[in-house]
Amino acid sequence: DAKTTQPPSMDCAEGRAANLPCNHSTISGNEYVYWYRQIHSQGPQYIIHGLKNNETNEMASLIITEDRKSSTLILPHATLRDTAVYYCIVRVGYDYKLSFGAGTTVTVRA
Amino acid sequence: GAGVSQSPSNKVTEKGKDVELRCDPISGHTALYWYRQRLGQGLEFLIYFQGNSAPDKSGLPSDRFSAERTGESVSTLTIQRTQQEDSAVYLCASSLTSGGAWNEQFFGPGTRLTVL
């Protein structure tokens with residue numbers, strides 16, 4: 001059962017902000033929203049996670065709606081190296097099994 | 001510091017042969033995970049090791065798959081009598097612990113297995 005829904009692909013201009021949406025309408029109260037990305041031929045890389053408050057780190061910002069049914073990952077100044085598949089997942093904090101769906105293929109264009 | 005390393009990076013084998021894949025986790029990481037990623041698909045959990053606890057083997061697809069880990073160091077994933085459907089990238093990850101929301105898993109580059 002897919003717990004998250006993401007658009008299959010999106011393009012972004014280099015230097016602009018990339019806003020990646022994710023729907024998780026059935027999220028439970030104890031589930032976190034996590035984002036990972038996978039650059040071609042590399043292993044997945046953790047980006048950010050949050051429960052209900054917005055979060056920011058050196059890579060990205062995570063905006064979670066008040067009802068927690070959707071979220072947006074923001075890459076503030078996309079570079080060509082941000083071209084990757086981005087995965088949004090929801091899971092409880094103690095669940096160590098990662099499971100990704102198809103994700104969003106983000107292509108950053110010069 | 002050094003990240004998670006895996007070897008070989010690529011492995012081509014014939015159907016029916018056994019293969020062994022190796023993972024060297026980040027030093028000090030007590031938790032180690034194996035995943036499989038088929039071409040164009042998402043991540044499938046295979047097995048998890050945490051310190052000296054019994055491993056969670058719930059993701060292994062068949063008894064042809066097995067994995068070992070010596071203490072908190074290297075792990076090997078063995079696939080016996082390989083089949084064509086075993087072709088995939090096998091990813092290893094490690095984390096400091098497995099508990100809590102902050103158990104960031106660091107992934108290796110993967111081993112691409114092709115079964116002819």
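We use all heavy atoms of the structure for the numbers below, so side chains are in, but hydrogens, waters and symmetry mates are not. First the proteins, then the strands, lettered A, B, ... as listed; each starts at 1.
For chain B, the option among A/Tyr87, A/Tyr36, A/Phe100 with the highest count of heavy-atom pairs below 4.5 Å is A/Phe100. Contact count against chain B (heavy-atom pairs under 4.5 Å) is highest for A/Gly43 among A/Gly43, A/Gly103, A/Ser41.
For B/Ser9, no part sits under 4.5 Å from any heavy atom of chain A, backbone or side chain. Only the side chain of B/Gln37 has a heavy atom closer than 4.5 Å to any heavy atom of chain A.
Contact record, A/Tyr96 with B/Gln105: O-NE2, 2.8 Å, taken as the closest heavy-atom pair.
The salt bridge (charged side-chain N to carboxylate O under 4.0 Å, His left out) search around A/Glu55 returns none, not counting sequence neighbours.
Sorted by first then second residue, the salt bridge (Lys or Arg N to Asp or Glu O under 4.0 Å) pairs that include residues 105-116 of chain B, not counting sequence neighbours, number zero.
Around atom CG of B/Leu116, more than 12 heavy atoms belonging to other residues, nucleotides or ligands sit under 6.0 Å away.
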